Amino acid sequence: MERIYLDNNATTIVDPVVKEAMDPFYCQMYGNPNSLHSFGTEVHPYMKIALDRLYSGINARDEDDILITSCATESNNTVIKGIYYSLIRTGRKSQVITTQVEHPCVANSCRFLESLGTDVVYLPVNEDGIVTPEILREYINPDKTALVSIMWANNETGLIFPIKELCKVTHENGALFHTDAVQAIGKIPVNVQETGVDFLSFSGHKFHARKGVGGLYVRKGTDLPTFMHGGEQMASRRAGTIDVPGFIGMGLAMELAVRNLEYEATEVRRLRDKLEDAILSLKDVLVVGRREIRTPNTILASIRGVEGEALIWDLNRSGVAASTGSACASESLESNPTFVAMCISDELAHTGIRLSLSRFTTEEEIDRSILVIRQSIERLRNISSR
Amino acid sequence: MAKKDLIGGSLWEQYSDKVTQRMVNPAFMGDITEEEAEKLGGKLIIADWGAEACGDAVRLYWVVEPETDKILKARFKTFGCGTAIASSDVMAEMCIGKTVDQVLKITNLDVERGLRDSEDTPAIPPQKMHCSVMAYDVLKKAASLYKDVDMESLEGEEIVCQCARVSLKTIRDVIRLNDLQTVEDVIHYTKAGAFCKSCIRPGGHEPRKYYLENILREVRHEMEMESVSGHAAVSDFAQMTLIQKHRAVEAVIDKEVRPILLLDGGNLEVVDMKEHPDHTEIFISYSGACKGCPSSQTFTLQKIENSLREKLSERIKVTPV
């Protein structure tokens with residue numbers, strides 16, 4: 001049975017072109033780029049190209065930094081804990097603002113700061129499921145707020161936050177703005193100059209690069225202490241020998257992601273809408289968030305009478321991979337915080353299932369998924385009588 | 001934490017084959033109509049049970065033979081995850097052929113055991129034990145409907161941890177006997193709280209009547225009171241001798257007050273005690289940073305008095321000298 005992968009917000013297939021581009025850096029050009037001999041220096045031109053691709057992918061200026069990290073989790077930790085050391089521990093500011101719907105790497109880093117005595121505000125979302133500039137304005141405090149950290153797009157719902165406006169409010173109040181853009185890169189345009197963000201995190205494996213490599217954009221002139229101390233890599237701002245193949249692959253993946261944005265906005269969106277329409281044609285189904293303000297690949301649906309873990313278990317048996325935020329499916333039995341913050345319906349926390357496509361998803365896959373999803377829903381509704 | 005915990009996403013790998021089979025093909029899923037019950041010559045019982053926080057709801061159908069109280073047929077409908085469906089299915093099967101009283105002896109532990117592939121390997125991961133509880137609760141509900149009694153009357157003892165079915169009495173006894181100091185110890189010794197973790201402290205998976213943290217605190221407090229009074233029976237402050245009272249006051253100050261004062265470089269000493277007709281007056285003397293601190297006459301003083309009142313007796317007054 002050919003399996004169908006509809007969990008692209010969790011991770012993506014490595015684009016075969018990207019895999020090919022990484023290959024020479026395993027057994028041929030395997031030098032440490034910090035070495036002075038030819039093994040080290042021969043990789044420099046490739047690294048420069050990769051860096052160019054990353055800079056141009058998010059429209060960074062040459063004077064800004066894009067640090068290569070291990071993943072967005074590391075990037076997010078670097079910013080949040082770094083700001084603690086530079087602005088909060090020194091007594092210059094005392095507060096960090098984030099949202100109730102962040103990924104655990106932001107949420108738990110903020111909780112760690114709280115345990116150190118930092119005042120952390122978790123912004124609620126509005127009825128559309130997003131944080132608006134008005135909400136931020138209510139809580140931000142020019143004397144206290146050091147950092148505002150708000151995701152560009154939500155991993156569960158795909159809802160896109162108004163980053164430019166949120167960043168503006170932040171700067172008007174003298175604070176720094178960080179965004180976790182993990183779910184935005186490769187799905188919608190991401191432009192650091194246009195939005196004015198100070199820090200931006202991304203992970204390669206969410207846009208068809210390999211797992212284990214990510215990036216952190218740092219605007220010139222922002223005060224961010226080193227998180228990983230060690231050698232002189234990345235101008236000493238992020239020590240540790242660079243993952244050369246991963247970095248070079250991520251550079252190409254970024255270029256391809258940007259080149260395919262049009263395809264995402266049209267074809268991926270068309271397939272997503274087809275799948276969404278088919279699910280919505282069943283009775284007692286709800287999809288979270290208006291389509292216009294969502295990334296083009298994501299559906300978060302609540303199917304009445306069908307518990308999320310039971311559904312993804314059933315789909316998995318039929319070869320369709322999806323994910324759920326249901327409390328029953330987590331190791332800790334805790335409901336997904338996004339679902340709790342959304343408060344759309346009490347059932348959502350138990351019946352939410354997320355389907356996320358990529359540019360590798362085909363029409364045949366969507367057609368077969370529709371059949372499989374219909375069958376599973378019918379079977380489980382028969383068991384639950386709802 | 002250890003090697004086995006380092007790779008996540010293993011939830012489904014921990015389901016037994018029986019769980020999988022029953023999830024895919026629940027043989028006892030379905031409903032029973034009045035007509036069918038009549039044809040079988042029994043009384044139809046329909047019991048609903050839902051654990052809201054879990055997002056699970058189960059409906060159990062029984063046909064019970066009135067002369068013998070024997071369950072002739074059982075079916076279920078479940079809204080819930082795979083383990084909830086599998087638990088419901090094995091539970092319904094277990095009912096068939098038993099009397100209502102016999103069924104009442106089935107617990108969620110039997111349901112889980114019924115799903116095991118081999119005797120020693122749990123059928124489901126610890127946090128999923130919770131699903132079997134729902135299967136047990138609906139049995140009790142059905143029995144209470146049949147017997148026309150309250151569900152509570154069918155429960156012999158106060159259960160703190162439903163997943164592992166550990167009673168309040170057991171937990172209290174184990175804390176005392178083993179002189180347990182931490183919640184982790186209590187979980188380790190009793191297995192209560194080791195599964196869905198709801199009963200450890202408020203704010204977990206679902207709200208509970210009792211929490212291990214509170215039980216431990218209460219029992220520890222009782223044990224302390226007994227040791228300070230030197231007599232197991234005297235835990236009432238009013239009945240203590242003056243020396244016992246002094247020891248009790250010192251114990252509370254040592255535990256509740258002094259650590260906080262020390263953090264700020266302060267301290268205090270109990271210098272005297274005086275019995276009044278309606279209260280005991282305790283004289284204290286501050287030292288270190290507390291001396292001359294404005295809060296020592298207001299908030300700090302209030303905190304000290306509140307601690308003593310809460311732990312020992314409402315009839316206590318604290319006077320700084």
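All values reported here derive from a predicted model rather than from experimental measurement. Values reported hereafter were calculated over all heavy atoms of this structure, with side chains retained and with hydrogens, waters and symmetry mates removed. First the proteins, then the strands, lettered A, B, ... as listed; each starts at 1.
In this structure, the side chains of A:Ile312 and B:Trp12 come closer than 4.5 Å at one or more pairs of heavy atoms. Side-chain contact between A:Ser384 and B:Thr78 is absent, with no heavy atoms from C-beta onward closer than 4.5 Å. Side-chain contact between B:Ile85 and A:Glu307 is absent, with no heavy-atom pair separated by less than 4.5 Å.
Considering all non-hydrogen atoms of both residues, B:Phe79 and A:His350 come closest at CZ-CB, 4.5 Å. When every heavy atom of B:Gly80 is checked against every heavy atom of A:Ala310, the shortest pair comes out as O-CB, 3.5 Å. Of all the heavy atoms in A:Arg379 and B:Met23, the pair that sits closest is NH2-O, 3.1 Å.
Counting non-hydrogen atoms of neighbouring residues, nucleotides and ligands closer than 6.0 angstrom, the CZ atom of B:Phe299 reaches no more than 12 such neighbours. Environment of CD1 in B:Ile7: sparse, with no more than 12 heavy atoms of neighbouring residues, nucleotides or ligands closer than 6.0 Å. Heavy atoms from other residues, nucleotides or ligands lying under 6.0 Å from CD of A:Glu114 number more than 12. Sparse packing is recorded around NZ of A:Lys19, with 12 or fewer heavy atoms of other residues, nucleotides or ligands lying under 6.0 Å away.
With sequence neighbours excluded, the residues satisfying side-chain hydrogen bond (donor to acceptor under 3.5 Å, both in side chains) with A:Asn9 are A:Lys187, A:Asn297, A:Thr298.
A:Arg317 places no side-chain N or O within donor-acceptor distance of the main-chain N or O of B:Val24, the cut-off being under 3.5 Å.
Within the 4.5 angstrom heavy-atom criterion, atoms from both the backbone and the side chain of B:Thr20 approach chain A.
Residues of residues 181-189 of chain B never come closer than 4.5 Å to chain A when only heavy atoms are counted.
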